[in-house]
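Predicted model, so just to flag it, every value in this text is computed and none were measured.
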Amino acid sequence: PVYTIGYGARTLDEFVDALKANQIEYLIDVRTAPYSKFKPEFSKELLQHHLEKSGVRYVFMGDTLGGQPKEPCCLTDGKVDYDKVRVQPFFAAGMERVRQAFQQQRRIALMCSEGRPEDCHRSKLIGEALAASDIPVRHIDEDGILVSQQEVIDRLTKGQMDLFGAPSFTSRKRYGVE
């Protein structure tokens, strides 16, 4: 499968331990802005250095798979509309790289800041796109437990689909006005 993980409340050592427990070879950072003022050890350069010392390769892909794209066409009422993001060429390019890694049987984990996968675009945007391509997704949740994409969506929707079938997701925050 393709794995996802958020650092959330984890320490850097706990984070690396979770990666190693799941035999992750490549950490793909899908944060639009790969920095943290609250947890500076998870900022791009420090994280990359620490991971590489631990034998995990760091790859930044927040420019193609980030949850806050700069393109105004991706917003609806100031929120990032993930259905709109999925049809963008930049997102398709990022997803193609993930598909190739999956086909090559690479052990990859997509990383963002939120510990709970249901709070993050890695499930609502990327996980849904992977599932639509029949690529299995396993989220390493805030407790280190592997959770399927469907289980995360069930957490989000409480098992209820919208009126037209599949749910449509947006960011929780507003980032601008259309």
Side-chain angles (χ1 to χ4, degrees), residues 1-69 80 82 85 90-91 93-131 135-156 169 171-173 175:
V2 170
Y3 294 86
T4 84
I5 188 169
Y7 58 82
R10 290 179 172 99
T11 66
L12 186 53
D13 288 337
E14 290 168 341
F15 182 78
V16 171
D17 288 346
L19 296 175
K20 288 187 172 262
N22 290 283
Q23 303 164 340
I24 301 302
E25 300 172 288
Y26 294 86
L27 182 77
I28 299 174
D29 190 342
V30 296
R31 296 175 294 170
T32 302
Y35 301 98
S36 174
K37 65 180 172 185
F38 300 110
K39 295 190 115 186
E41 65 274 22
F42 286 96
S43 293
K44 182 180 180 181
E45 292 80 12
L46 290 173
L47 178 61
Q48 182 174 4
H49 176 74
H50 194 80
L51 287 171
E52 288 179 358
K53 281 185 10 185
S54 301
V56 178
R57 301 212 29 212
Y58 174 91
V59 179
F60 175 73
M61 289 184 60
D63 53 344
T64 58
L65 297 178
Q68 299 173 34
V80 179
Y82 298 141
V85 175
F90 64 85
F91 184 76
M95 289 302 297
E96 182 55 31
R97 287 183 66 193
V98 172
R99 275 189 211 91
Q100 287 175 3
F102 173 74
Q103 289 168 347
Q104 294 170 6
Q105 299 182 346
R106 300 287 183 195
R107 302 267 314 180
I108 65 171
L110 308 174
M111 182 208 78
C112 202
S113 60
E114 291 86 356
R116 294 167 26 111
E118 61 268 31
D119 293 340
C120 187
H121 80 287
R122 60 183 199 274
S123 66
K124 296 183 266 186
L125 172 61
I126 302 169
E128 285 292 272
L130 290 168
I135 295 176
V137 180
R138 293 293 175 267
H139 301 278
I140 304 167
D141 77 2
E142 67 276 15
D143 297 318
I145 297 168
L146 291 180
V147 184
S148 73
Q149 175 66 16
Q150 188 57 56
E151 289 171 305
V152 170
I153 296 305
D154 288 346
R155 286 182 185 179
L156 262 171
F169 298 114
S171 60
R172 293 178 297 151
K173 298 177 186 172
Y175 294 101

Beyond-backbone contact of R138 with V147, side-chain heavy atoms, under 4.5 angstrom: no

Non-hydrogen atoms of S36 and S43 that approach each other most closely: N-OG, 3.1 Å

Residue pair C120 / E114: nearest heavy atoms and the distance that separates them: SG-OE1, 3.3 Å

Side-chain donor/acceptor of N22 to backbone N/O of A18, under 3.5 Å: yes

Main-chain N/O of L110 paired to T4 side chain as donor or acceptor, under 3.5 Å: no

Q48, H49, H50 screened by side-chain contact (heavy atoms from CB on, under 4.5 Å) with E52, the one that passes: Q48

Flag, side chain of E151 to backbone of S148, donor-acceptor distance under 3.5 Å: yes

Atom pair CG/CE of L19 and M111 - distance to nearest 0.5 Å: 9.5 Å

Check: I145 main-chain N/O paired with D143 side-chain donor or acceptor under 3.5 Å: no

Taking every non-hydrogen atom, the tightest pair across G115 and R122: O-NH2, 3.6 Å

Qualifying residues under ring-ring contact (aromatic ring centres under 6.0 Å, His included), relative to Y58, sequence neighbours excluded: none

Sequence neighbours excluded, every pair satisfying salt bridge (charged side-chain N to carboxylate O under 4.0 Å, His left out) that has a member inside residues 14-37: D29-R31

Distance (rounded to the nearest 0.5 Å) between R106 CZ and I28 CD1: 11.0 Å

Check: L125 and F91 side chains under 4.5 Å, non-hydrogen atoms: yes

Nearest-0.5 Å distance that lies between atom CG in L65 and atom CZ in F60: 9.5 Å

V98 and its side-chain contact (heavy atoms from CB on, under 4.5 Å) partner, picked from L130, T64, I126, V30: L130

Residue pair R107 / Y26, side-chain donor-acceptor N/O under 3.5 Å: no

Evaluation steps, salt bridge (Lys or Arg N to Asp or Glu O under 4.0 Å), between R116 and E118: CA-CA 6 Å; R116 294 167 26 111; E118 61 268 31; 3.2 Å; yes

Rounded distance [0.5 Å steps], SG in C112 versus NE2 in H121: 5.0 Å

CD/Q100: more than 12 non-hydrogen atoms of other groups inside 6.0 Å: yes

Under 3.5 Å donor-acceptor, T32 side chain and Q68 backbone: yes

Student check: side-chain heavy atoms of V80 and P69 closer than 4.5 Å: yes

Ring geometry between Y7 and F42 (parallel below 30°, tilted from 30 to 60°, perpendicular above 60°): parallel

For E96, salt bridge (Lys or Arg N to Asp or Glu O under 4.0 Å) partners two or more places apart: R99

Where I24 and V56 come nearest, the two heavy atoms and their spacing: O-CG2, 3.7 Å

Closest non-hydrogen atom pair between P117 and E142, with its separation: CD-OE1, 3.9 Å

Minimum side-chain heavy-atom gap F90-V85 below 4.5 Å: yes

Heavy-atom side-chain contact between V16 and D13 under 4.5 Å: no

Any donor-acceptor pair under 3.5 Å from K39 side chain to L12 backbone: no

Side-chain heavy atoms of I5 within contact of D141, under 4.5 Å: no

Residue pair Q149, H139: steps toward the side-chain hydrogen bond (donor to acceptor under 3.5 Å, both in side chains) verdict: CA-CA 7 Å; Q149 175 66 16; H139 301 278; 2.6 Å; yes

P1 side chain near F102 side chain, heavy-atom distance below 4.5 Å: no

Interatomic spacing from OG in S113 to OH in Y35 - rounded to 0.5 Å: 14.5 Å

Test item: Y3 and I108 side chains (from C-beta on) under 4.5 Å apart, heavy atoms: no

